[in-house]
Amino acid sequence: MSHEHVSYLELLTRGAATEAYDRPVLLARASGAGPEVLAELEEAKQLALRVRAELEGRRRREAELSALFATAHDLAGLRDLDAVLRAIVQRARSLLGTECAYLSLNDPAAGDTYMRVTEGSVSARFQQLRLGMGEGLGGLVAQTARPYVTDDYFDDARFQHTRTIDTAVRDEGLVAILGVPLSLGSQVIGVLFAADRRARVFEREQVALLGSFAAHAAVAIDTANLLAETRSALAELERANDIIREHSGVIERASEVHDRLSELVLHGGGVHDVADAVSEVLGGTVEFTEEGAGAARRAGGHSVREGDDWVAAVSAGGETLGALVLHGRPDLDPVDQRTLERAALVTSLLLLARRSAGEAEQRVRGELLDDLLDAPDRDRRLLRERAARLRTDSEAPHVVLAARLDRSGGTAEADSGGRESADRQRLWSAATHLAATRHGLASARDGGTVLLLPLGPGESAADLARQTARSLGGTLREPVTVGASAPVRAPLDHPDQVAVAYEEARRCLDALRLLHRSGQGAAAEDLGFLGLLLADSRDIDGFVDRTVGQVVAYDRRRGTDLVRTLDAYFASGMSPARTKDELHVHVNTVAQRLERVGRLLGPDWQSPARALEIQLALRLHALSDAVAGK
């Protein structure tokens, strides 16, 4: 390993700033290094910067998950509501990198909203702010129960400005503000904010992250209220000993499951581990499902009863990921209902963690395929090493597939751009999942998605195209059209062939759409003589065999004359009477031969499209025989 490569490793090890990665190149240039050395250093620098970006992204995601797990642990041992809310606001401010974060709660008795927790605030007026219901950005969040973000608060006319609020915001110096609702069921009880004293854009992931913290804050408030209600009920009613024992048992179950869920989160447990733990504690059977969360989703985070089952939605950042379903406990105690809801919240955290790791791998898979398509002259050894890390079988024959989502109806022109972008994202997400399960690669490209998938034993390119169209279409519940290339053998050994195969797959995709076969998958071999024009291989023998091969083989086995009969039949304008004159046989003989042809080629062999392909195949077969006879 060269001294310069060691320098980049040292920069990565000590987490140096981006600017420091230019130094090895500058030093080499100053020392008179040649172009090859400088080019190698530049490539090493770019690779080191990509590794640094990946490490930074992983550190950021690990920090986010650690903060969410720590918050879940705080909830499991909730003692001081204010301390938990302060920790949530502090973590939100730190992870979003904002100068200020704060949490407001509604006061139904006073009919207004007040600041409960602030972090990073320097204005006493802002910290003591009370405002009327429905006013300011927080009022808009509370009214719609949806997150809102503004790049410039004072230039935003979407919400009601008041002198009191604007004076306090100006006194604090805030400019960019993001607010997400704190919801209990369908009721918004407050708003969690992150804000900066300069203009900035909040990314979708940051909105989802703040939404997760808001969900934790709402759970903390709900738990505190529940504990307060429980203490009040015990103090006021002094229920009989059997009721007290029963309630104590429920609390013990809740405490036990909270401890077990916290341990699962901290030690990398999975979704099914959570379901097993809750099943054991609640005495029923809990399962996770990606379907059937409709009623629970409408309940806004609370568990709901459906027949003899209880259902709690698993959601994060406004997105429903599935549901936990409890069987065998139709009469569920309210505290046990909360336990099921807490388990759903922990499940959402685990799913988000798994999704984050999956998205990182998907990006790496897409980058490798992009390099094969755009830079086939890359170092093949490095390409194979990257493929091996992704568990891709680089030695197997692969097929390049071009996929596009074909919507059957139009959309409003004003929304077409946003809908098209969302469709491309959905298709890319489904394709990357399919590529990961089949040990292949996928990337967004040319308004659709391109995949590089290995062929299975006995599988053809056409088979793979049809399977891919069915799989993607089933996932998206909309037709997806897929064009496939001819197989590419050992693509990492011949990366220049991948781009050629992609162009063939795109031509096949365009042909399918022109032939009104949207929603189907096909390779050039499926398109008859049109496939000869689309494919780079020009597999004439394969076309002849697929079209009239059974007739030719029948003649060879039986010594019959079906091929010549077909030639005469088409030359005679498809008239049996004129055909028998051409062949000098009885018309019944012609009819019997044509009936045999129909059994070999299928009942639609005389349709215009099939007849055209058969005539072309017969000409090519005759030409091949003539060439072979010379």
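Worth saying up front: this structure is predicted, and the values here are computed from it rather than measured.
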Nearest 0.5 Å, please: how far is [atom2] in [Y] from [atom1] in [X]?
X	Y	atom1	atom2	result
Asp406	Leu427	CG	CG	10.0 Å
Thr113	Met133	OG1	CE	4.5 Å
Tyr148	Leu178	OH	CG	12.5 Å
His216	Ile221	NE2	CD1	13.0 Å
Arg426	Leu472	CZ	CG	11.5 Å
Leu401	Leu464	CG	CG	5.0 Å

Would a distance-only check, ignoring hydrogens and angles, find a side-chain to backbone donor-acceptor pair under 3.5 Å from [X] to [Y]?
X	Y	value
Thr144	Leu140	yes
Ser460	Asp463	yes
Ser429	Gln425	no
Arg86	Val117	no
Asp222	Val219	no
Gln187	Leu184	no
Asp80	Asp82	yes

Qualifying residue, where the test is side-chain contact (heavy atoms from CB on, under 4.5 Å) with [X] and the options are [options]:
X	options	result
Leu103	Ile88, Thr118, Leu85	Leu85
Ile177	Thr98, Asp196, Thr150	Thr150
Leu441	Val450, Leu452, Leu453	Leu452

(request) Mind running side chain to side chain contact (heavy atoms under 4.5 Å, CB included) on Leu434 and Gln467 for me, showing each step along the way? (result) CA-CA 11 Å; Leu434 176 62; Gln467 292 174 18; over 6 Å; no
(message) Taking CZ in Arg146 as the centre, count heavy atoms belonging to other residues, nucleotides or ligands within less than 6.0 Å. Is the count above 12?
(response)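 No - once you tally the heavy atoms of other residues, nucleotides and ligands closer than 6.0 Å, there are 12 at most.
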(request) Using a cut-off of 6.0 Å, state whether more than 12 heavy atoms not belonging to Arg158 lie near its atom CZ. (result)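 Above 12, so yes.
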(request) Using the six-membered ring of Phe202, assess whether NZ or CZ of Arg200 lies under 6.0 Å from its centre and within 45 degrees of the ring axis. (result)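 Yes; both conditions hold, so Arg200 lies above the ring face of Phe202.
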Taking all non-hydrogen atoms of both residues, which atom of [X] and which atom of [Y] are closest, and how far apart?
X	Y	answer
Tyr102	Ala195	CE2-CB, 4.2 Å
Ala217	Leu182	CB-CD2, 3.9 Å
Leu192	Ala214	CD2-N, 3.7 Å
Ala522	Ala465	N-CB, 3.4 Å
Ala469	Gln520	CB-C, 3.8 Å
Ala402	Ala505	N-CB, 3.8 Å

(request) Give the C-alpha distance, both sets of side-chain angles, the deciding distance and a yes or no for side chain to side chain contact (heavy atoms under 4.5 Å, CB included) between Arg438 and Leu451. (result) CA-CA 11 Å; Arg438 291 208 45 146; Leu451 300 96; over 6 Å; no
(request) Evaluate the salt bridge (charged side-chain N to carboxylate O under 4.0 Å, His left out) criterion for residues Arg404 and Asp446: first the C-alpha distance (whole Å), next the side-chain angles of each, then the deciding distance (0.1 Å), finally the verdict. (result) CA-CA 9 Å; Arg404 183 167 297 184; Asp446 299 321; over 6 Å; no
(request) Would you mind telling me which of Asp308, Asp309, Thr285 makes a side chain to side chain donor-acceptor pair (under 3.5 Å) with His327? (result)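 So the option named by the test is Asp309.
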(request) Could you check if a side-chain atom of Val141 sits within less than 4.5 angstrom of a side-chain atom of Val188, using non-hydrogen atoms only? (result)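 No, every pair of side-chain atoms sits at 4.5 Å or beyond.
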